[in-house]
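First the structure, in the form of structure tokens, and then the observations on it.
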Amino acid sequence: MKFVFFGAPGAGKGTMAAKAATAFKLPHISTGEIFRGAMRAGTPLGLKVKAIVESGGLVSDELTVELVRDRLAQTDAQGGWLLDGFPRTMAQATALDSFCPEDYVIDLEVRDVKVIERLSGRRMCKGCGRIYHTKFMPSKNPDTCDDCGGAIYTRDDDKEESVRVRLENYRKQTSPLEAYYEKRGTLIRVDGEGDADSVWSVLHGVMQKLIDRT
Ligand code: ADP
Ligand code: ADP
Ligand code: ZN
């Protein structure tokens, strides 16, 4: 089964996709995490995208599409996947259609006020990418990851100026995809406003039903 996780920055896509990956044994493919990994490792890809990612801009469609096409061609993705953070533009959506169309798009609906509250407290592990929140999902120790002991940091693009740019980009370039998938009949809306346990409990049920149906 092939799921796209869709929603505003901060809606909870990464958090929910990580839970779904474990529950349904599907690879969690996050373009943001691929870019951040490349930046940390200082690879040519990382150096190329660093400035744009940190400022909150979108990496070019050409580069992003190629990266996803290669990733989806790998062995572990042949039985299905969870795409988190892709597609983000109409060009990316049509590219995905051409090489590996989704079965369903999970649209996590969260209002702007909540999204901003979530982004402003988001923390991330440098080692494993696990996502925390200072208030809503704190780590046991504020500086180290519960899972791997890695250092916990604030993403450069979660600073106020970049958040503004990202929400603007989302509105202009990404939110029109909702209508695109709705028209196709693959869009599944899920209320993402509750606490993480409640959202996950609803989402788990929704995904299980979709999987059972096929
Ligand atoms: P968010 O938590 O805001 O959903 P992500 O971790 O998905 O953020 O992405 C972080 C950054 O990586 C984006 O702001 C953008 O710079 C880049 N990025 C991720 N996915 C894409 C994509 N599909 N197209 C272009 N840029 C992307
Ligand atoms: P996205 O991938 O859509 O940008 P994340 O999964 O990174 O979103 O979540 C954004 C922030 O909100 C993180 O700090 C995360 O811990 C927190 N978060 C995620 N889901 C919830 C929820 N249902 N309630 C409260 N906080 C949440
Ligand atoms: Zn970790």
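Atoms within a ligand are numbered from 1 in the order they appear, just like the ligands themselves.
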Should you measure from each heavy atom of [X], which atoms of ligand 1 turn up under 4.0 Å away?
X	result
Gln92	22 (C), 23 (N), 24 (N), 25 (C)
Gly57	14 (O), 15 (C), 16 (O)
Thr31	19 (C), 20 (N), 21 (C), 23 (N)
Thr64	22 (C), 23 (N), 24 (N), 25 (C)
Lys13	4 (O)

Legend entry - Geometric N/O contact Arg36 with ligand 1, under 3.5 angstrom: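 There is such a contact, yes.
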
Legend entry - Check: Val59 N/O within less than 3.5 Å of ligand 1 N/O: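 There is such a contact, yes.
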
Legend entry - side-chain hydrogen bond (donor to acceptor under 3.5 Å, both in side chains) partners of residues 2-29, not counting sequence neighbours, each pair once: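 Sorted result for residues 2-29: His28-Asp84.
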
Inset, instruction - Any side-chain hydrogen bond (donor to acceptor under 3.5 Å, both in side chains) involving residues 203-212? Give me the pairs, sequence neighbours left out, ordered by first then second residue. - result: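 Listed by first then second residue: Gln208-Asp212.
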
Inset, instruction - Please report the number of protein N, O or S atoms that lie less than 2.8 Å from the Zn ion (ligand 3). - result: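 Protein heteroatoms (N, O, S) closer than 2.8 Å to the Zn ion (ligand 3) number 4.
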
Inset, instruction - Write out the residue and atom name of the closest protein heavy atom to atom 7 (O) of ligand 1, then the distance separating them to 0.1 Å. - result: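 Scanning the protein heavy atoms, the shortest distance from atom 7 (O) of ligand 1 goes to Arg88 NH1, 3.1 Å.
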
Inset, instruction - For atom 12 (O) of ligand 2, find the nearest protein heavy atom and state the residue, atom name and distance (0.1 Å precision). - result: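 Result for atom 12 (O) of ligand 2: Arg118 CB, 3.3 Å.
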
Legend entry - Under 3.5 Å side-chain donor-acceptor pair for Tyr180 and Arg184: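 Yes, a side-chain donor-acceptor pair sits under 3.5 Å.
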
Legend entry - Partner set under salt bridge (Lys or Arg N to Asp or Glu O under 4.0 Å) for Asp61, not counting sequence neighbours: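 Not a single residue meets the salt bridge (Lys or Arg N to Asp or Glu O under 4.0 Å) criterion with Asp61.
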
Legend entry - Heavy atom of Gly194, distance to ligand 2 below 4.0 Å: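 For ligand 2, residue contact (heavy atoms, under 4.0 Å) with Gly194 is present.
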
Inset, instruction - Say whether Ala17 and ligand 2 are in contact under the criterion: heavy-atom distance to a ligand atom below 4.0 Å. - result: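 The answer is no: ligand 2 sits nowhere under 4.0 Å from a heavy atom of Ala17.
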
Inset, instruction - Without swapping roles, check the side chain of Arg118 against the backbone of Ala11 for a donor-acceptor pair under 3.5 Å. - result: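 It does hold such a pair.
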
